[in-house]
Amino acid sequence: MTNDNRNQAVPMVSANASTSRTPTLAPTEKPEKFSELDFKRWQQKMFFYLTTLSLQKFIKEDVPVLPDETLENERFLVIEVWKHSNFLCKNYVLSGLEDDLVNVYSGMETSKELWTSLEKKYKTEDAELKKFVAAKFLDYKMVYSKIFTEGLVINEAFQVAAMIEKFPPLWKDSKNYLKHKRTEMSLEDLIVRLRIERTTKLLKREAMETQQ
């Protein structure tokens, strides 16, 4: 048996009637590992990858609930088939995350729980960070446009430096480190740094609350 055959999803079995197999697409290239940047693009690629494996429905499904009159052996078969496919789906998603994120999310029980948790965290953060960057850029552009009547083109290095100056007091150490960094950072690099800093502080806070 080849690796491709072993990795095929087991079709869902109905307790009342047999179901037809969903046509399986040729597996596409596996997405690059998600490193907390551009979640939406990674999510779309991962969803398509799961679709080629006929596993996409498990990111939205809970454990099946069967009628009380379902025979015991049939109930066992349906649940075991679902668990197997859910296991494959969940681990395909986990394998698409960077190692640090795998450590955080590996405890999720179902594919749906994992997918929902990633969406809840990173879709919200992507939106917040983009709004933050856009707001700061427009703020500085308006200020300096008043000084220069012909307008002002603000280069990326200036935008990054201005953003670092706006770090909150609790991020003092990170602010000092980035201000004295010898190599220039892009806006994309800064967004990654902001996300890492935020995640680290949240994890520390959760650890402290757990100890209490």
Side-chain angles (χ1 to χ4, degrees), residues 1-130 188 191-192 195-196 198-199 202-203 206:
M1 184 180 289
T2 64
N3 289 333
D4 287 340
N5 289 331
R6 285 198 299 269
N7 288 335
Q8 293 298 319
V10 179
M12 188 66 183
V13 179
S14 171
N16 299 315
S18 59
T19 57
S20 59
R21 287 178 176 271
T22 302
T24 303
L25 302 174
T28 187
E29 183 179 351
K30 188 175 180 180
E32 295 180 2
K33 289 182 179 291
F34 175 56
S35 58
E36 300 193 288
L37 183 65
D38 203 347
F39 173 74
K40 185 176 180 180
R41 182 175 62 179
W42 174 85
Q43 185 186 42
Q44 290 173 338
K45 289 183 177 181
M46 178 55 71
F47 181 81
F48 180 68
Y49 181 62
L50 294 174
T51 301
T52 66
L53 300 169
S54 297
L55 291 169
Q56 76 283 1
K57 67 179 181 179
F58 293 95
I59 63 174
K60 297 182 180 296
E61 282 191 356
D62 294 310
V63 181
V65 177
L66 303 177
D68 293 338
E69 61 270 19
T70 305
L71 296 175
E72 194 61 35
N73 60 339
E74 203 168 7
R75 181 186 300 275
F76 175 80
L77 178 60
V78 170
I79 298 299
E80 288 304 308
V81 167
W82 186 90
K83 284 181 178 180
H84 176 70
S85 295
N86 171 70
F87 173 82
L88 291 177
C89 182
K90 185 182 74 171
N91 281 281
Y92 274 124
V93 176
L94 285 173
S95 69
L97 305 177
E98 290 288 355
D99 291 344
D100 290 345
L101 292 178
V102 172
N103 294 334
V104 174
Y105 290 99
S106 58
M108 300 291 176
E109 293 293 331
T110 66
S111 304
K112 180 181 177 181
E113 183 183 1
L114 171 59
W115 194 262
T116 302
S117 295
L118 289 169
E119 272 194 335
K120 185 176 180 181
K121 178 174 175 60
Y122 293 106
K123 268 193 172 180
T124 302
E125 285 198 358
D126 276 355
E128 288 178 350
L129 285 171
K130 286 177 180 178
E188 185 175 286
I191 289 174
V192 172
R195 182 174 287 118
I196 292 173
R198 182 175 180 178
T199 301
L202 285 173
L203 290 174
E206 290 173 359

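Residues: numbered from 1 along the sequence shown. Computed from a predicted model, the values in this text were never measured in an experiment.
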Nearest heavy atoms of V78 and P64, plus distance in Å: CG1-CG, 4.2 Å
K60 side-chain N/O to K112 backbone N/O, donor-acceptor pair under 3.5 Å: no
Inter-residue atom distance K121.NZ - T116.OG1, 0.5 Å rounding: 15.5 Å
Contact summary for W115 and M46, nearest pair of heavy atoms: CZ3-CG, 3.7 Å
Worked verdict on L97 versus V104 for side chain to side chain contact (heavy atoms under 4.5 Å, CB included): CA-CA 10 Å; L97 305 177; V104 174; over 6 Å; no
Gap between atom CZ of F47 and atom CG of L55 - 0.5 Å precision: 11.0 Å
Which atom of S54 lies closest to which atom of F58, heavy atoms considered: O-CE1, 4.3 Å
Shortest non-hydrogen separation from V102 to L94 and the atoms involved: CG2-O, 3.3 Å
Backbone of P67 reached by a side-chain donor or acceptor of R75 within 3.5 Å: yes
Any donor-acceptor pair under 3.5 Å from K90 side chain to M108 backbone: yes
Spacing of CD belonging to E109 relative to CG belonging to D62, to within rounding of 0.5 Å: 12.5 Å
Within 6.0 Å of CD in E32, more than 12 heavy atoms from elsewhere: no
Test side chain to side chain contact (heavy atoms under 4.5 Å, CB included) applied to V93 and L50, step by step: CA-CA 8 Å; V93 176; L50 294 174; 3.9 Å; yes
Atom NZ of K83: over 12 foreign heavy atoms under 6.0 Å: no
Backbone N/O of N86 and side chain of S111: donor-acceptor pair under 3.5 Å: yes
OG1 on T70 to CG on L77, rounded to 0.5 Å: 11.5 Å
Test side chain to side chain contact (heavy atoms under 4.5 Å, CB included) applied to Y122 and F34, step by step: CA-CA 11 Å; Y122 293 106; F34 175 56; 3.7 Å; yes
From CG (L88) to CG (L53), nearest 0.5 Å: 8.5 Å
Spatial distance of atom OG1 (T110) from atom CD (E61) [nearest 0.5 Å]: 10.5 Å
